[in-house]
Number of protein chains: 2
Amino acid sequence: MLKVPDHQVAGHQGLDGKLGPLVDDSGRFFKPLQGGKRGTDEVAFYTSFSSDTNIPDHIKRFFPIFYGTQLIEASDGSGMQPHLILQDLSFGRSNPSVMDIKIGSRTWSPQAPEDYIQKCLKKDRESSSVELGFRLSGLQIFESKESGFWKPEKRSMTQSLSADEIRSILKKFVSTNKSGVLGSVPDCAFASIVYGGSGGILSQLLELKAWFEEQTTYHFYACSILMTCEKELALNGKNPRADIRLVDFAHVFEGKGVIDHNFLGGLCSLIKFVSEILSEDCVTEPKYSKSGLVGSNDSLVANCNASPVL
Amino acid sequence: MLKVPDHQVAGHQGLDGKLGPLVDDSGRFFKPLQGGKRGTDEVAFYTSFSSDTNIPDHIKRFFPIFYGTQLIEASDGSGMQPHLILQDLSFGRSNPSVMDIKIGSRTWSPQAPEDYIQKCLKKDRESSSVELGFRLSGLQIFESKESGFWKPEKRSMTQSLSADEIRSILKKFVSTNKSGVLGSVPDCAFASIVYGGSGGILSQLLELKAWFEEQTTYHFYACSILMTCEKELALNGKNPRADIRLVDFAHVFEGKGVIDHNFLGGLCSLIKFVSEILSEDCVTEPKYSKSGLVGSNDSLVANCNASPVL
């Protein structure tokens with residue numbers, strides 16, 4: 001039985017008779033093919049990428065698993081429509097906090113049609129993309145069983161956040177106090193176990209960065225990093241299952257021997273934000289006793305006596 | 001006695017009654033202040049940067065020394081005009097090969113006036129900036145005492161080179177055979193001693209990259225890396241004095257806590273081109289006996305049995 005996903009934070013949603021993705025109960029995510037070239041381009045990317053033997057496994061894990069395409073009943077009642085069958089990244093997760101971060105100061109490829117370039121350029125300039133090298137496309141941050149998620153509804157506002165506002169949201173993502181309360185200072189209680197550590201988000205972002213410094217096959221425009229963690233697990237002293245995934249490949253182009261400097265620049269900017277939170281976190285007293293999950297020898301855990309993480 | 005510089009490859013030249021920079025015989029370079037805000041902004045940058053104690057010495061050395069400003073007789077005969085007094089980067093060099101590489105896929109700051117943004121954007125799209133993350137603003141490559149320099153005159157052509165053409169010019173920069181001859185395959189004889197080694201250009205670019213991953217004080221738009229070496233020294237088995245310098249700071253803006261992802265992305269793209277030449281160079285037999293200047297333990301020298309340099 002297919003249903004609308006519970007934890008979608010960006011993109012078209014399949015509610016109220018609209019076209020959007022669906023999930024099954026076995027971990028598969030059905031994404032309707034976008035119209036025209038975008039849909040076929042995304043299928044072409046997944047097909048090529050999933051069979052590309054030059055991509056190391058530690059990089060492939062950052063991409064949703066691709067199971068092919070299938071005609072299924074679309075969420076808008078328009079009948080059988082082609083869908084990409086992908087891994088459902090929220091499957092098996094309990095109340096995941098999720099951020100969808102569109103990477104790159106430029107979301108258009110030089111090969112795109114002129115009217116599309118102008119549309120993207122306008123949005124890149126109005127949002128934080130040009131200033132920060134990325135923009136927040138959507139988010140939900142878990143607060144508690146009682147109050148549920150903090151999920152800002154006005155997407156246009158999240159996309160044009162200032163550096164300070166982004167910093168604050170990245171802190172809320174790893175804090176125990178309520179995200180939506182005005183004036184509440186995030187305690188960053190989970191910064192070390194979500195962002196830090198050898199399996200933490202900073203470490204994953206740095207692995208991705210190393211690949212982007214080398215790979216010249218793909219240029220990813222308007223592609224997002226989906227950052228996920230489960231705060232409830234952290235509250236219970238367990239591994240919060242923090243991870244990153246790349247999603248949305250309707251605008252991937254051949255790299256033709258040149259690195260994707262646009263994605264890499266934005267990624268490095270995001271890395272700087274995350275690593276600063278880790279360094280700041282260490283200068284105040286820990287507000288939450290760290291679980292044994294994060295070893296003291298771990299080079300990515302912020303260390304008060306050392307220089308900043310990066 | 002002031003004169004027009006011998007080895008200028010980009011920017012306005014002070015010839016034929018035009019306004020341009022001048023040099024003296026003691027290593028000083030006099031750059032006329034550009035009109036309006038650009039001139040005062042460049043003075044402001046040099047003043048601020050040269051007294052900024054947060055910049056480590058190993059980074060400061062990548063910038064020309066700043067000696068202040070002075071009213072001197074301008075090259076166009078317009079009388080006494082304000083000039084920046086800078087280090088003459090060609091002083092004491094013999095027949096230097098020089099490349100002026102404008103870094104960044106975007107040469108405009110979001111704060112710039114709209115008409116200026118549109119002008120820059122057009123040039124960024126028409127040149128290689130958007131595709132490669134940088135463009136070649138000018139170059140001269142020394143061939144021999146007899147034939148002198150190869151110096152392509154049509155600047156508009158060098159600025160819109162393809163990836164393959166840039167690769168070819170970066171190879172010519174470190175080759176013994178004639179650069180301007182059609183069909184001549186660059187031998188890359190000096191790749192290891194110019195680009196490789198602990199003091200080579202790749203190593204310097206990587207030092208600069210590490211700083212750009214961290215620094216959030218300055219955003220450099222339309223700024224160039226000037227790459228210089230002396231092939232004659234290499235031919236005589238001496239250190240070719242390969243180095244990089246940043247020049248042109250009329251469009252530097254406050255970073256406000258965000259890294260310069262635009263410059264960093266372009267820099268990483270250039271680094272990839274240079275490191276590929278070093279890896280390629282090693283797979284063929286050395287065409288020129290390497291001098292003792294490059295130690296075999298040096299991690300940045302391409303090693304045939306190792307994975308690519310970066």
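What's counted below: heavy atoms across the whole structure, side chains too, no hydrogens, waters or symmetry copies. We name chains A, B, ... by the order of the sequence lines, and we start the count at 1 in each one.
- Taking the charged nitrogens against the carboxylate oxygens, Lys272(A) and Glu214(B) do have a contact shorter than 4.0 Å, which makes a salt bridge.
- Of the atoms belonging to Ser109(B), not a single heavy atom falls under 4.5 Å from chain A.
- Heavy-atom neighbours of Lys37(B) NZ from other residues, nucleotides or ligands within 6.0 Å: at or below the threshold of 12.
- Within the 4.5 Å cutoff, side-chain heavy atoms of Leu121(B) are placed close to those of Leu121(A).
- Heavy-atom neighbours of Gln111(B) CD from other residues, nucleotides or ligands within 6.0 Å: above the threshold of 12.
- Your options are Arg106(A), Lys256(A), His219(A), and the one with the most heavy-atom pairs under 4.5 Å with chain B is Arg106(A).
- No more than 12 heavy-atom neighbours from other residues, nucleotides or ligands sit within 6.0 angstrom of CD on Glu254(B).
- Note: Leu264(A) CG to Leu264(B) CG = 6.0 Å, rounded to the nearest 0.5 Å.
- For Phe212(B), no part lies under 4.5 angstrom from a heavy atom of chain A.
- Most heavy-atom pairs under 4.5 Å with chain A, from the set Ile117(B), Asp164(B), Leu267(B), Val130(B): that is Val130(B).
- The OG atom of Ser275(B) sits 10.0 Å away from atom CD of Glu213(A), with the distance rounded to the nearest 0.5 Å.
- Counting only distance, with no hydrogens or angles, the side chain of His261(A) and the backbone of Glu131(B) share a donor-acceptor pair below 3.5 Å.
- The heavy-atom pair separating Val258(A) from Ser269(B) by the smallest distance is CG1-OG, 3.9 Å.
- Put simply, of Pro110(A), Ala210(A), Ala163(A), the one with the most heavy-atom pairs under 4.5 Å next to chain B is Pro110(A).
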